[in-house]
Amino acid sequence: MGGDLRTSHLGQEVTLFGWVDSRRDHGGVIFVDLRDRTGLVQIVFEPETSPEAHQAADRLRGEYAVGIRGFVRARGEGLANPRLATGEIEVAVRQLEVYNAARPLPFPLDDDGVDENLRLTHRYLELRGKRLTGALAARHRIMQQMRRYLDDRGFLEIETPILTKSTPEGARDYLVPSRVHPGEFFALPQSPQIFKQILMVGGQDRYFQIARCFRDEDLRADRQPEFTQLDCELSWTSQDQILELFEGLMAHLIHASVGANVSAPIPRMSWLDAMNRYGSDKPDTRFGLELCDLTDATRGCSFQVFSGAPVVKGLRVPGGAQRISRSQIDALTDFVRKFGAKGLAYVKVGDPSGPVAKNLAEAELATIVAAAAAEPGDLLFFGAGEWGQVVDVLGRLRLKLGQDLGLIPQGLWNLLWVVDFPMFEYDATEGRLYAMHHPFTSARPSDLPVLARWAAHLDEGGTLTPEAIAELTAVKANAYDMVLNGVELGGGSIRIHQAEVQQQAFRLLGLTPDEIKTKFGFMIEAFTYGTPPHGGIAFGLDRLCMLLSGVPAIRDVIAFPKTQQARDLMAAAPGGVDDKQLKELHVRTVVEG
RNA sequence: GGGGUUGUAGUUCAGUUGGUUAGAAUGCGGCCCUGUCAAGGCCGAGGUCGCGGGUUCGAGCCCCGUCAACCCCGCCA
């Protein structure tokens, strides 16, 4: 293609197709940069080569779709363009064909500043730009590398249904009404979870799929309602084997994409450690600024906010007393309020006049400073309250400070496994347990009796007592997440493969025996026919491509993304449908207002 | 559901304390030009200041509402 031409092609007769990227008309000679997916090449129209082509080139304009025949020749002395890969040569045109003229574009290609609204409406034009062309090519290569890596290790790529069944738990489903079965609906898959486990029952012992998933939840820069996962499952396996296999895959992908060497094995951190040290289950380990525990140091101190709190934690900013101004602290206080903090206590180490320091005896302050290993000139932020709230707020503050103070080194690819997740979270408002990973995740063998006992307790009409909640939230799951630079790339677990244990898990999550039967009966039954132990993992392909391409949003690695309001501006979807279609589907709309 | 940012020629932006005919660059159109490469020179066209309402003698600017894009909270097993 045009962008591939080099001096090795000198003298060759070539046929090129592409778009007019720019046109420089000198009257007697016309230069055009011809662009295709591979890049630019200069083509030259001159009367000496072809009077017809030269004359026809007069009406060329930007983005005309054209084809040319011509011959490759060297540029004259001093006329090479070092900024083009093809800059040593040019193509003298003998014949020009204009396939399609182009109206002036609504915006210039490759201009990052253009309103995204406009770019999304004309996505076909934005796709011609280097940015998207490069990102899509990178995504293609990542997918090819994934396929090769997994194929080499005996995995089969198998497709699972898009029209499937709504299941409780998890995100809101996208629903598809059934024409044949009035009043019934398919759901689009939030992930192929159940199908891939059934594939294991079906003997397809190493499966993968680059699978489209659908979740009808609100969007973010890294969240689209339809997105792609690399979804994997294998039988006769262990957590260690899975971590090893997939850290190998990720190291391979990072090396192939950005050339960085990630040394396997990658570090593993327990969920509890991650929460305590980084205030996040997906810690960004590219920088320090770790949280410290000040609960003991503040026990019984004179400052009621600390002494009355179940947990007090600190975040020490070295030299922060100078680097962070009062107005910045005010802004940070507003920041943490968004996450439910009542305020943001701080002391400037060595300065006893601050609002918090004034409330503490000298010795108490000294104890706290020592516990935080803080030095004069440091700024020490505090979080006091329930453990989950405190670590969450300080974790978010840590990330913000890391960004604001420029503490995050670029060019690092810090991979991390987070392991030993709790099996359940307790929701006090709803009075029920939720699966932290998903309901198919297995527990550590030593915890199985705990599950069995409380499931039986519920079966006998019992309720979730405080004792049950305490014991069950202490249960650890065989689950693991992979984190890259503070972004959750993927996660998985060793699954439950025994019908009885799966029933217990559903019971503990509050499903009635009837619900279990209607929603998951086929799965439970499948587990009674010789199910291999199995486990798997799924990675967010869009996020991975986003990080490896260094772009700020997954929209930038998706050919046709949706807006934050979940619209496709180009296709103008969603849109209304005919009454006839609705009738066939046995659906009536009720639009308020 | 909530908080925030943005919205002015095709595009990116400027527009003073509310004051006459809303500017620049780029793009677009015409003419000139045989070595440019973001070509150059001359000339020209191009505006519902997102939309609706209000305040005012007077609104791009102030107020209220609304729409859209984006960022975030909630939500996303």
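Below, chain A is the first sequence line, B the second, and so on; all start at residue 1. Model, not experiment: these values are computed from the prediction.
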Practice problem: Starting from P on B/A68, measure out to CG on A/N117 and report it in whole angstrom. | Solution: 10 Å

Quiz item: Does A/E63 come within less than 4.0 Å of A/R128, counting only side-chain N to carboxylate O?
Solution: yes

Practice problem: Measure from the side-chain heavy atoms of A/R396 and tell me the nearest of B/U11, B/G74, B/C71. | Solution: B/G74

Quiz item: Choosing from B/C73, B/A38, B/U11, which nucleotide comes nearest the side chain of A/L118?
Solution: B/U11

Exercise. Take atom CZ of A/F339 and atom C1' of B/C75, then tell me their distance rounded to the nearest Å.
Key: 14 Å

Quiz item: Between A/Q190 (CD) and B/C75 (P), how many Å, whole number?
Solution: 16 Å

Quiz item: How would you label the contact of A/R220 with the nucleic acid (heavy atoms, under 4.0 Å): base, sugar-phosphate, or nothing?
Solution: base

Quiz prompt | Rounded distance in Å - CD (A/E116) to P (B/U12) | solution = 12 Å

Quiz item: Within the structure shown, what part of the strands sits under 4.0 Å from A/N81 by heavy-atom distance: base, sugar-phosphate, or nothing?
Solution: base

Quiz item: Counting only side-chain N and O atoms of A/R119, is one of them less than 4.0 Å from OP1 or OP2 of B/U11?
Solution: no

Quiz item: A/D110 has an atom CG; how far is it from atom P of B/U12, in whole Å?
Solution: 15 Å

Practice problem: At under 4.0 Å between heavy atoms, which parts of nucleotides 28-36 of chain B does protein reach? Answer with one letter per nucleotide, 5' to 3': B base, S sugar-phosphate only, - none. | Solution: SSS--BBBB

Exercise. Evaluate the ring planes of A/F506 and A/F520, with Trp represented by its six-membered ring, and classify them as parallel (under 30°), tilted (30 to 60°) or perpendicular (over 60°).
Key: parallel

Exercise. State, with a plain yes or no, whether a side-chain heavy atom of A/F45 is found less than 4.5 Å away from one of A/L60.
Key: yes

Quiz item: Would one find a side-chain N or O of A/S22 under 4.0 angstrom from OP1 or OP2 of B/A39?
Solution: yes

Exercise. Would you mind classifying the nucleic acid contact of A/D33 as base, sugar-phosphate or nothing, using non-hydrogen atoms under 4.0 angstrom?
Key: sugar-phosphate

Practice problem: In whole angstrom, give me the gap between the C1' atoms of B/G53 and B/G19. | Solution: 23 Å

Self-check item: B/C63 to B/U6 separation - P atoms, rounded to the nearest Å
Solution: 13 Å

Quiz item: Does the distance from a Lys or Arg side-chain N to an Asp or Glu carboxylate O, for A/K196 and A/D231, drop under 4.0 Å?
Solution: yes

